[in-house]
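When a ligand or atom number is given, it counts from 1 through the structure's own listing order.
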Amino acid sequence: MKRGLLIVVSGASGTGKGTVCKKILDDMTDVAYSVSATTRAPREGETDGKQYYFLSRDEFSTWIDEGKFLEYANVYGNFYGTPLNKIEERRNRGEDILLEIDVQGAMNVMKKCPDGVFIFLLPPSLEELKRRIEGRGTETPESLAIRFNNAVAEIAIGRDYNYVVVNDSVDDAAAQIEGIINAERCKVARNLDKFNF
Ligand code: 5GP
């Protein structure tokens, strides 16, 4: 059985990772999504086990202690983590699996899974990034400034990824990432079995 791809889509906060990944998952029904665990409260319309596994801080700590995470990070006061068992299970079944995670988490996955496909999503410009961060409307001027400065620092880390895609339009960015996934699927090293006529 061929091991599935580990596709990591990441980028600075406010770049629109979530929206782009949703489009990819709608388009590519043969790509599985890794549902993360988080300590943040569910937003309206979110259900446990679908967008996230919603855990208490204590439950999250227990999962850490039990080694249940491939990676986890504190993102602006809430913890987020990628459950390890689902990833391994699915890849071993040959499923290609997509992770949408923050930059700290992606750096940790890079260390643990160097065979992953790391895709960095860039905003079209810093002005646009600022607009998108402000557009959330829930922040004080101080926390907006912190988020923006962190985002700029995170963008510098994008150079360590395998691919970069600019999120100018959701459809175009999703189409580019879908192209990357298809290209990765066609790599000779992954398809040596096909040469055995
Ligand atoms: P939100 O609360 O808006 O859904 O997500 C906030 C941030 O957490 C986003 O940047 C998202 O990519 C990131 N995130 C979601 N799941 C994970 C995860 O499992 N690990 C890490 N490191 N970050 C995550």
Side-chain angles (χ1 to χ4, degrees), residues 6-25 31-57 59-64 66-91 97-113 116-123 128-130 132-139 143-144 146-158 160-161 163-165 167 170 173-174 177:
L6 181 69
I7 306 145
V8 180
V9 176
S10 187
S13 138
T15 314
K17 304 183 284 287
T19 321
V20 171
C21 285
K22 192 174 176 311
K23 170 88 175 107
I24 296 164
L25 294 164
V31 171
Y33 180 62
S34 159
V35 178
S36 297
T38 183
T39 59
R40 84 146 162 76
R43 296 187 185 125
E44 213 177 297
E46 289 184 334
T47 17
D48 189 46
K50 191 152 187 252
Q51 286 78 16
Y52 286 104
Y53 298 106
F54 295 100
L55 305 183
S56 68
R57 291 248 169 175
E59 286 168 330
F60 201 96
S61 296
T62 306
W63 281 39
I64 294 174
E66 291 175 350
K68 284 188 174 168
F69 289 119
L70 172 63
E71 63 74 34
Y72 66 91
N74 183 331
V75 185
Y76 296 108
N78 290 308
F79 283 91
Y80 294 82
T82 306
L84 189 57
N85 64 334
K86 306 277 175 190
I87 306 275
E88 287 307 301
E89 262 170 47
R90 286 168 154 186
R91 288 190 78 190
I97 178 139
L98 182 130
L99 269 59
E100 186 256 280
I101 59 176
D102 91 313
V103 173
Q104 313 167 66
M107 297 299 288
N108 287 328
V109 179
M110 253 179 231
K111 287 184 206 126
K112 289 189 178 170
C113 309
V117 179
F118 295 89
I119 305 170
F120 196 82
L121 204 57
L122 273 178
E128 178 56 24
L129 179 69
K130 201 168 191 191
R132 289 181 191 174
I133 293 175
E134 284 170 359
R136 293 180 172 174
T138 52
E139 308 288 330
S143 67
L144 275 175
I146 291 172
R147 275 183 191 255
F148 180 71
N149 291 335
N150 284 348
V152 173
E154 284 178 338
I155 286 172
I157 299 172
D160 292 334
Y161 286 55
Y163 296 95
V164 61
V165 169
N167 183 18
V170 172
I177 295 177

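Remark: the Tyr80 side chain and the Asn74 side chain contain no N/O donor-acceptor pair separated by less than 3.5 Å.
One finds a salt bridge joining Glu128 and Arg132 here, because a Lys/Arg side-chain nitrogen approaches an Asp/Glu carboxylate oxygen to under 4.0 Å.
In terms of heavy atoms, Ala106 sits closest to Ile101 at N-CD1, 3.5 Å.
The protein residues lying under 4.0 angstrom from ligand 1, judged by non-hydrogen atoms, are Lys17, Ser36, Arg40, Arg43, Tyr52, Glu71, Ala73, Val75, Tyr80, Gly81, Thr82, Glu100, Ile101, Asp102, Gly105.
Remark: Glu59 pairs with Ser56 by the side-chain hydrogen bond (donor to acceptor under 3.5 Å, both in side chains) rule, at least two apart or across chains. Lys17 pairs by the side-chain hydrogen bond (donor to acceptor under 3.5 Å, both in side chains) definition with nothing, not counting sequence neighbours. Taking the side-chain hydrogen bond (donor to acceptor under 3.5 Å, both in side chains) definition, one finds that Thr19 meets it with nothing, sequence neighbours left out.
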